[in-house]
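Here the structure is laid out as structure tokens; the discussion comes afterwards.
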2 protein chains.
Amino acid sequence: MKAGSAEWWRARYAARGRQRPRPGGLELKRITRAALDIVDAEGLAALTMRRVAEDMGVRHTSLYRHVASRDELLVELVDHVLGEVVPGATGRGWRADMEQAAGEFRRVLLAHPAVVPLLTMGQLLGPNALRGREFGLGLLIRAGWEPARAVHIYLTVAHFVIGTALLDAGGAARGVEERTAMTELFAGLPQYPLVRELAEPLNLPDGDQEFAFGLTALLNGMGDPR
Amino acid sequence: MKAGSAEWWRARYAARGRQRPRPGGLELKRITRAALDIVDAEGLAALTMRRVAEDMGVRHTSLYRHVASRDELLVELVDHVLGEVVPGATGRGWRADMEQAAGEFRRVLLAHPAVVPLLTMGQLLGPNALRGREFGLGLLIRAGWEPARAVHIYLTVAHFVIGTALLDAGGAARGVEERTAMTELFAGLPQYPLVRELAEPLNLPDGDQEFAFGLTALLNGMGDPR
DNA sequence: ACCTGAACACCGTTCAAGT
DNA sequence: ACCTGAACACCGTTCAAGT
């Protein structure tokens with residue numbers, strides 16, 4: 001049974017709450033938190049079963065009683081991060097709500113850049129992912145969008161947020177040395193004049209501004225319900 | 001020097017063409033191709049240095065003469081795949097050109113789903129990535145968009161294509177068994193009524209249709225140059 | 001210059017054994 | 001029920017040695 005699949009999640013939901021951890025013992029949530037700490041501080045490559053166990057003061061083989069594999073841990077980690085997304089109604093209409101929720105989603109992803117690539121591992125079917133779906137669909141449908149169109153809008157915005165976060169997390173050229181390295185790189189590549197000329201905005205984009213620009217364009221293009 | 005960084009690519013561009021492979025010997029391009037075959041057939045996890053070497057009839061340690069690390073191989077693999085993107089002018093205006101280029105980009109990504117997550121590893125600064133940038137910026141600027149805005153539009157569309165491809169590649173519920181598993185999963189989760197009601201379009205989306213919808217909305221929202 | 005063989009440190013996972 | 005210790009197969013990478 002592949003970690004993150006619908007079948008896997010079903011078994012997971014069924015098992016939830018059945019655990020009764022001993023005080024001070026291991027527990028899925030504690031493991032996930034330790035994993036997130038490692039990933040945030042040192043990146044995905046540093047996240048090994050042995051390292052998680054070490055940080056928790058336990059042998060690495062003990063982890064396998066709570067999580068069947070490293071892949072399962074990664075799936076749980078993703079939903080754990082999605083749990084930090086707390087959207088709320090603005091009271092200023094569906095567009096404002098959508099922008100607020102998208103911005104909140106983006107904020108959380110940028111706070112955990114190493115986790116973002118994991119969003120591509122499979123479908124997002126954990127409890128926190130579904131809560132976000134329910135919220136997004138609800139605000140669109142209450143605004144009068146017909147369901148099929150609400151799904152389109154929801155998915156498009158979600159994809160946009162993830163897409164920009166991905167390139168923001170992995171891509172942006174931060175720091176002076178990377179910046180000068182970029183300039184030197186393009187200086188030696190006269191075959192790409194526009195890329196060279198526009199190197200500054202292309203490689204040192206203001207991610208937030210670019211995000212706002214794209215989201216506005218996207219929502220502008222959606223029109224209005226009914 | 002981190003694989004995929006501007007500094008790394010600069011050294012890489014400088015070294016390019018300096019190799020003179022023996023007939024039948026190893027060569028970066030042949031290694032990259034072998035790697036792509038493995039990844040396409042069996043996914044990213046199957047891509048080990050040992051496996052690549054085995055497929056090429058060579059010892060795995062030999063690869064390190066042509067590529068400094070597995071990470072470097074992955075970076076080269078990404079640009080190799082981007083080389084399959086062949087956009088062309090439609091003669092029907094910038095919007096049609098942009099839609100054609102985005103569709104072509106999407107087509108290539110979907111043909112190599114296991115490679116898509118790698119697009120998030122770092123900046124896309126290889127020769128094929130830069131060629132694509134130059135093309136996209138060129139068509140926008142020739143259409144009359146001012147440079148700063150052309151950069152915005154280019155990045156937004158690129159992010160959208162990658163975002164949708166990511167979720168398409170990893171996410172869609174293909175096959176009957178995954179479909180019924182999904183139904184059963186939601187049947188047990190009454191706390192998400194909309195997610196349950198709209199499970200069909202949410203989890204079995206027609207990716208191409210959804211892509212077209214989003215791209216149209218995006219470009220609609222951009223307006224016109226000048 | 002290129003490829004090989006042996007070796008090292010590290011990893012995920014399994015399982016019998018302890019409490 | 002939970003944790004441990006030992007073990008297995010596998011991995012990326014290094015390097016001296018061959019041609």
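Computed from a predicted model, the values in this text were never measured in an experiment. Just so it is clear: chains get the letters A, B, ... in the order the sequence lines come, proteins before strands, and each one is counted from 1.
- Taking atom CG of residue Leu73(B) and atom P of nucleotide dC11(D), one finds them 15 Å apart after rounding to whole Å.
- Atom CG in Asp37(A) sits 9.0 Å away from atom CZ in Arg33(A) (nearest 0.5 Å).
- Put simply, Ser62(B) has no side-chain N or O that comes within less than 4.0 Å of OP1 or OP2 on dC2(C).
- For Leu63(B) and dC11(D), the CG to P distance is 13 Å, given to the nearest whole Å.
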Polar atom pairs between nucleotides 13-16 of chain C and protein, under 3.5 Å, N or O only, would you list them?
| from | atom 1 | to | atom 2 | distance (Å) |
| --- | --- | --- | --- | --- |
| dT13(C) | OP2 | Tyr64(A) | OH | 3.0 |
| dT13(C) | OP2 | Arg70(A) | N | 2.8 |
| dT13(C) | O4 | His60(A) | NE2 | 2.9 |

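- Using a 4.0 Å cut-off, some side-chain N or O of His66(A) falls inside it from OP1 or OP2 of dC3(D).
- Put simply, the side chain of Glu134(A) gets close to the backbone of Leu194(B): a donor and an acceptor are under 3.5 Å apart.
- Here the rule is side chain to side chain contact (heavy atoms under 4.5 Å, CB included) with Arg106(B), and of Thr164(B), Ile162(B), Val85(B) only Thr164(B) fits it.
- Leu28(B) CG to Arg12(B) CZ: the interatomic distance, rounded to the nearest 0.5 Å, is 5.5 Å.
- A distance-only check finds no donor-acceptor pair linking the side chain of Asp40(B) to the backbone of His112(B) [under 3.5 Å].
- Regarding Arg59(B), its CZ atom lies at a distance of 17 Å from the C1' atom of dC11(D), rounded to whole Å.
- dC10(C) atom C1' lies 15 Å from atom CG of Leu47(A), rounded to whole Å.
- When only modelled atom types and interatomic distance are considered, Trp8(B) and Glu72(B) share a side-chain donor-acceptor pair under 3.5 Å.
- The distance from atom CD1 of Ile31(A) to atom C1' of dC2(D) is 12 Å, rounded to the nearest whole Å.
- Taking atom CD on Glu27(B) and atom C1' on dC3(C), their separation rounds to 16 Å, with Å as the unit.
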Given Watson-Crick and G-U pairs under 3.5 Å, DNA chain D in dot-bracket ([ ] crossing, | other strand) is ||.|||||...|||||.||
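- Taken to the nearest 0.5 Å, the CZ atom of Arg70(B) stands 12.0 Å off from the CG atom of Leu63(B).
- When each of Met49(A), His80(A), His66(A) is checked for a side chain to side chain contact (heavy atoms under 4.5 Å, CB included) with Leu73(A), only Met49(A) meets the rule.
- Straight-line distance from the CG atom of Leu28(A) to the P atom of dC2(D): 13 Å, rounded to whole Å.
- Summarising the geometry, the separation between CD on Glu54(B) and C1' on dC11(D) is reported as 14 Å, rounded to the nearest angstrom.
- Rounding to the nearest 0.5 angstrom, the gap separating the CD atom in Glu99(B) from the CZ atom in Phe211(B) is 8.5 Å.
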